[in-house]
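To keep things clear, I will list the structure first and then write my remarks on it.
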Amino acid sequence: MRLDDERESTNIDDERGSGGGGGRAPLKIGIGGILLALGALYFGVDPKIVFSLLEGSASSGNQSAVVAPQQSVQGPDTQKQFIARILGSTEDVWTSYFQQMGRTYHEPRLVLFSGGTQSACGYAQTSVGPFYCPADHKVYLDLAFFQELKNRLGAGGDFARAYVVAHEVGHHVQNELGIMAQLEKQNGGMSERGATGASVRTELQADCFAGVWAKRANDAKSILQSGDVQQGLNAASAVGDDRLERQGQGYVVPDSFTHGTSAQRVNWFSRGLQSGDIRQCDTFSALAL
């Protein structure tokens, strides 16, 4: 990616090394637990349930005591600068887009942490991946997770990392547009889980919004270089429910899907990337995902 012309966002809270865990002991989980957490929550919105389940299973002693890997990240300042520029790009794109709609975009904050930290949605831990918390309008990210994305899931590269940030910001855009509030009011409408449930549609729309950002940012400043789009598509494919479930448990259960299949995530990310138009991201009205 070519980010030389991108400004660095100031909406970053760097809690690495600050003891953000609040005195809580590190959560010990098995490798299977890590994969289940990835499948259940990767790029999710509300991590409270998964956090509590992981803590409960860890305390029961039924899983092998493997601490979620805290891998060192080479060049942490460079990584932070990269994230700050991607976040700054999303701010510029969505501020402009909202202005075109006659609305005001309120920028989210991004929290960098190491190991774990407290959020308004629960205790954030590296093992469950980056997420957006609508209660405090913040994106939570441990930079060590990019090593998981690359080494465990086979999705490395600058644009893969940018996709992660843009997807989480996509959830913030949903919050800004009132989509999350509408979903909360449905009460007994669309099922939350399952291959066509509200959770999958929410995640696929965030993928599409990530594509919209990439299209508009590239049109404005030509940030994409050869191979970047493929990196983004690889990342979207890597975190499909079907792929994660097959990797974690050896078989696929569509009724348990929360984020969509690899093909669906690639499809909706591509829609946004090709159109640059959020009107093409209406996953909730789509008959076929």
Side-chain angles (χ1 to χ4, degrees), residues 32-51 53-54 121-122 124-134 139-141 145-146 148-149 152-155 160-175 179-180 183-184 190-213 232-273 281-286 288-289:
I34 294 174
L35 291 173
L36 286 175
L38 285 169
L41 187 61
Y42 201 129
F43 297 166
V45 176
D46 190 347
K48 289 185 288 188
I49 296 177
V50 175
F51 292 150
L53 288 175
L54 286 175
C121 292
Q125 200 121 17
T126 305
S127 58
V128 295
F131 69 93
Y132 172 70
C133 177
V139 172
Y140 289 83
L141 172 65
F145 193 81
F146 288 131
E148 298 292 320
L149 184 67
R152 284 190 193 280
L153 302 178
R161 291 184 291 160
Y163 161 78
V164 171
V165 176
H167 174 98
E168 299 308 333
V169 172
H171 283 309
H172 179 68
V173 173
Q174 290 173 319
N175 206 14
I179 294 171
M180 290 184 175
L183 288 173
E184 291 178 359
M190 187 184 300
S191 173
E192 175 66 20
R193 286 180 173 268
T196 60
S199 178
V200 166
R201 293 175 186 271
T202 300
E203 296 300 326
L204 294 180
Q205 186 176 65
D207 282 334
C208 190
F209 285 173
V212 169
W213 158 74
L233 296 176
N234 288 343
S237 176
V239 292
D241 281 322
D242 53 341
R243 178 172 175 177
L244 289 171
E245 286 190 354
R246 192 173 289 111
Q247 182 180 358
Q249 61 193 22
Y251 56 91
V252 175
V253 183
D255 286 345
S256 69
F257 284 0
T258 57
H259 293 69
T261 67
S262 293
Q264 288 170 334
R265 302 200 73 166
V266 168
N267 175 51
W268 285 96
F269 175 68
S270 298
R271 285 196 190 194
L273 184 61
C281 299
D282 187 4
T283 57
F284 297 97
S285 298
L289 295 174

Margin query: Check whether Arg265 reaches the backbone of Glu203 with its side chain - one donor and one acceptor, N or O, closer than 3.5 Å.
Written below: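 No; judged by distance alone, with no hydrogens or angles, the pair does not exist.
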Next item on the list: Check whether any side-chain N or O of Gln205 sits under 3.5 Å from a backbone N or O of Gln174 as a donor-acceptor pair, and report yes or no.
Entry: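 No, because the side chain of Gln205 does not come within donor-acceptor range (under 3.5 Å) of the backbone of Gln174.
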How long is the straight-line distance from [atom2] of [Y] back to [atom1] of [X], given to the nearest 0.5 Å?
{"X": "Leu149", "Y": "Tyr163", "atom1": "CG", "atom2": "OH", "answer": "9.5 Å"}
{"X": "Leu204", "Y": "Arg201", "atom1": "CG", "atom2": "CZ", "answer": "8.5 Å"}
{"X": "Leu233", "Y": "Ser262", "atom1": "CG", "atom2": "OG", "answer": "11.5 Å"}
{"X": "Asp207", "Y": "Leu273", "atom1": "CG", "atom2": "CG", "answer": "12.0 Å"}
{"X": "Leu183", "Y": "Thr202", "atom1": "CG", "atom2": "OG1", "answer": "4.5 Å"}
{"X": "Thr283", "Y": "Asn267", "atom1": "OG1", "atom2": "CG", "answer": "11.0 Å"}

Notebook entry, point to check: What's the verdict on side chain to side chain contact (heavy atoms under 4.5 Å, CB included) for Ile179 and Phe284, showing C-alpha distance, side-chain angles and the deciding distance?
Noted result: CA-CA 10 Å; Ile179 294 171; Phe284 297 97; 3.8 Å; yes
Measure across [X] and [Y] and return the closest heavy-atom pair with its distance rounded to 0.1 Å.
{"X": "Ala206", "Y": "Gly170", "value": "CB-C, 4.3 Å"}
{"X": "Val200", "Y": "His259", "value": "CG2-N, 3.6 Å"}
{"X": "Phe145", "Y": "Gly129", "value": "CE1-CA, 3.5 Å"}

Next item on the list: Identify, with sequence neighbours excluded, every residue that meets side-chain contact (heavy atoms from CB on, under 4.5 Å) alongside Cys208.
Entry: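 Trp268, Arg271, Cys281.
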Next item on the list: Sequence neighbours left out, what passes side-chain contact (heavy atoms from CB on, under 4.5 Å) with Val139? Give chain and number order.
Entry: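 With sequence neighbours excluded, Val139 shows a side-chain contact (heavy atoms from CB on, under 4.5 Å) to Leu110, Tyr132, Glu168, given in chain and number order.
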Note to self: Classify the ring geometry of Tyr140 against Phe131: parallel below 30°, tilted from 30° to 60°, perpendicular beyond 60°.
What the structure shows: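 Ring orientation, 0 to 90° scale: parallel.
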Note to self: side chain to side chain contact (heavy atoms under 4.5 Å, CB included), that's the test. Do His171 and Met180 meet it? Break it down for me.
What the structure shows: CA-CA 9 Å; His171 283 309; Met180 290 184 175; 3.8 Å; yes
Item checked: Close side-chain approach of Val169 to Phe209, heavy-atom, < 4.5 Å ->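 Val169 vs Phe209: side chains apart.
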